[in-house]
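This report concerns only the one structure given below.
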Amino acid sequence: MKKRVLTTLVMIPFLLFYAFGAEAAEKEEGSWQDELMYFIMVDRFNNGDASNDYNVNPEDPKAYHGGDLEGIIEKLDYIKDMGFTSIWITPIMENEPKGYHGYWISDFKEVEEHFGTMEDAKRLVDEAHKRDMKVVFDFVVNHTGYQHEWLTDPSKEDWFHEESRMVGNSKEQLEKGWLAGLPDLNTENPQVKEYLFDAAEYWMTETGVDGFRLDTVKHVPKEFWSEFSNHVKSIDPDFFLMGEVWSEDPRYIAGYEEVGIDSFVDYPFFETATQVFKQPGQSVAELRKVWQRNEAFYDDPHSLGTFLDNHDNKRFTRLANEAKQNPITRWKLALTYMYTAPGMPIVYYGSEVPLDGGEDPDNRRIMNFKAGDEELKQHIEQLAAIRKKFPVLTQGSFEQVIDDGPFGVFKRTYKDEVAYIAINNSKETKSAVLGEVVEGEQLRGLIHDSIVRDNGEGEYEIGLDRETADVYIVEEDTGLNWIFFGVLALVMGSFVAFVILVSRKNKKS
């Protein structure tokens, strides 16, 4: 009871700000850069239907653990309440034994029995749409499972590239080698191409899904992707395609824009952001360099999918633990930057707990909804509310205006909105003076509910405790907000009166 009361008191100023704060410009619709995406490994998220639990062993990290489509449906409100507007789920196609992750496909047009049925897939999309959420399915075209029946079918002998280990990074090796020994589909073959196009169309028309995350893009020829994109867009011009080109070179990834893929998961952002935020003392200017390269190489850098961990890499929580840091503190700092910098934030399931995990498969632990500290989950909710309210945080330009190593201030501008993102990644309190704010305006800190005004010399000084961040919106300086304080006093007075009344009743009883 005491904990709930304390949480309510802490949230009151934040809620009142959104009730009486400056009105933001209307958001432009239809852009994926406005999305907040929650990434789910189906088998490891939530078990909603025990009837499909066979050969399940939660103690074996390489076996099925019981998560399914019904489990995701049951948690859609949980996901939406954190502020997410879309979900991306790992492949749900039928897989061979122990293909819990979905990438060892045995049938491209069937739902994996462990996950449910086609009706469940349709219902997931329908239920998400009822909540104004979009759904992205993981889609694989590069390979099949190790034991696919086509491998022994004489009529499909030329459906695969000749078996070979992937050695080196030549185009020939990347596109024809057998990745991790998985049979590599010959996508140059017209029959294979037609089959995969039909499979894509099947999932689109049967489920109404909003997009595909395209697996292992660099291992499939660009010619295929161009035709695939054209086919998909001919069915639905707004269908979203997000590619995985695993590379630290943004120029290399950007080279795939020409094939019609709308967005890419931003591995260069991931590599830099995790190194910057896993421990204090790292310069945040490295993040600016990532954006400058993205802006130079991509036609649409704002739509890149930014992330801090995923199913192929160590959990960010593990990186913080290895650096002997408090994961909650490091997560809050990293997420604040990711939610307010250019890009479409993608949060891997369990980050809100936050789940720990090392290399694959340890980074795919079963979700524990009863674990964790509410502090981080509430921070995610707060960041989502801020990001949605101010279009400048999704549409705006981006530049660094203060560079003091681990302490930096970034400026975003969009139409008549201006925002400053201050990141203190150091071990001590830091401050900075902004001299470019227009006279008669003030800075409102959205995370810590602070106000920064002109010091009389046309300067605005912002300060942050160690390992904290804030987002400041430039607004008209109207002096003290008496409406805010009046309502706050009324709420607090009513609360005190309620406590006294309850106390008296308890004494009488």
Side-chain angles (χ1 to χ4, degrees), residues 266 268-293 306-309 314-343 345 347 351 354 356 373 375-376 378-380 382-383 386-387 393 398-412 418-437 443-453 455 459-474:
D266 192 349
F269 173 93
F270 159 76
E271 295 289 349
T272 300
T274 53
Q275 292 305 306
V276 168
F277 288 119
K278 70 180 182 181
Q279 61 188 5
Q282 309 303 307
S283 173
V284 297
E286 295 302 312
L287 298 163
R288 180 196 72 228
K289 295 175 184 177
V290 171
W291 170 245
Q292 288 174 333
R293 289 193 292 268
T306 54
F307 63 101
L308 293 163
D309 58 7
K314 283 185 182 180
R315 287 272 189 175
F316 182 74
T317 299
R318 174 60 58 88
L319 297 179
N321 283 332
E322 289 177 343
K324 296 181 171 53
Q325 300 299 312
N326 182 336
I328 301 292
T329 300
R330 305 315 301 170
W331 263 114
K332 289 175 69 175
L333 203 58
L335 286 169
T336 300
Y337 180 80
M338 188 171 78
Y339 268 63
T340 56
V347 177
S351 296
D356 187 18
D373 190 323
E375 178 186 1
L376 182 54
Q378 288 174 1
H379 188 67
I380 290 173
Q382 184 183 21
L383 289 175
I386 290 171
R387 191 173 188 272
L393 297 177
F398 188 79
E399 61 177 314
Q400 187 170 6
V401 293
I402 299 291
D403 180 3
D404 185 14
F407 177 69
V409 179
F410 302 87
K411 180 181 179 181
R412 304 204 65 179
V418 178
Y420 292 92
I421 299 103
I423 307 288
N424 185 8
N425 192 34
S426 73
K427 298 179 181 180
E428 56 189 31
T429 299
K430 290 283 188 177
S431 64
V433 173
L434 299 176
E436 55 181 24
V437 183
L443 302 177
R444 180 184 292 275
L446 304 182
I447 294 178
H448 301 294
D449 195 36
S450 60
I451 297 291
V452 179
R453 292 191 170 89
N455 64 4
E459 297 177 336
Y460 297 74
E461 184 174 5
I462 59 176
L464 289 175
D465 291 337
R466 58 173 291 176
E467 298 180 74
T468 60
D470 210 341
V471 182
Y472 298 90
I473 289 291
V474 177

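In this structure a side-chain-to-backbone donor-acceptor pair under 3.5 Å is missing from R466 to T429. Looking only at distances, no side-chain donor or acceptor of Q325 sits under 3.5 Å from a matching main-chain atom of P327. With hydrogens and angles ignored, the 3.5 Å screen pairs a side-chain donor or acceptor of R412 with a backbone N or O of T340. No donor-acceptor pair closer than 3.5 Å links the side chain of E467 to the backbone N or O of T329.
For the atom pair CG of L319 and NZ of K314, the computed distance is 6.5 Å after rounding to the nearest 0.5 Å. Rounding to the nearest 0.5 Å places OG1 of T468 at 9.0 Å from CD1 of I423. With rounding to the nearest 0.5 Å, the separation of CD in E286 from CD in E271 is 13.0 Å. To the nearest 0.5 Å, atoms CG (L287) and CD (Q275) are separated by 11.5 Å.
Take S426 and apply the side chain to side chain donor-acceptor pair (under 3.5 Å) test, not counting sequence neighbours, and it matches N424.
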- Query: Please walk me through it: do T336 and H379 pass side-chain hydrogen bond (donor to acceptor under 3.5 Å, both in side chains)?
  - Reply: CA-CA 9 Å; T336 300; H379 188 67; 2.9 Å; yes
- Task: Assess whether side-chain contact (heavy atoms from CB on, under 4.5 Å) is satisfied between V474 and V437, documenting all intermediate values.
- Result: CA-CA 8 Å; V474 177; V437 183; 4.1 Å; yes
- Output, in order, the C-alpha distance, side-chain angles, deciding distance and verdict of side-chain contact (heavy atoms from CB on, under 4.5 Å) for F270 and T306. CA-CA 7 Å; F270 159 76; T306 54; over 6 Å; no
- Determine, step by step, whether Y472 and Y460 satisfy the ring-ring contact (aromatic ring centres under 6.0 Å, His included) criterion, reporting the C-alpha distance in whole Å, the side-chain angles of both residues, the deciding distance to 0.1 Å, and the verdict. CA-CA 11 Å; Y472 298 90; Y460 297 74; over 10 Å; no
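Of the charged side-chain nitrogens involved, at least one lies within less than 4.0 Å of a carboxylate oxygen, so that R318 and D356 count as a salt-bridged pair. With respect to the salt-bridge test (charged N to carboxylate O, under 4.0 angstrom), the residues R288 and E399 do not qualify. The residues D465 and K430 are annotated as not salt-bridged, no charged nitrogen and carboxylate oxygen being separated by less than 4.0 angstrom. Ion pairing between a basic and an acidic side chain is recognised when a charged N comes within 4.0 Å of a carboxylate O; K278 and E322 show no such pairing.
Taking the six-membered ring for Trp and the full ring otherwise, F410 and F398 have centroids separated by under 6.0 Å. You'll find the ring centres of F277 and F316 outside the 6.0 Å limit.
Y337 and F269 have parallel rings, their planes meeting at less than 30° on a 0 to 90° scale where 60° marks the start of perpendicular.
Contact annotation: the side chain of L446 approaches that of R444 to within less than 4.5 Å [non-hydrogen atoms, C-beta and beyond].
For the side chain to side chain donor-acceptor pair (under 3.5 Å) criterion with R330, the lone passing option out of T317, N425, T274 is N425. Of the residues listed (L443, L434, D470), the one engaging V452 in a side chain to side chain contact (heavy atoms under 4.5 Å, CB included) is L443, and it is the only one.
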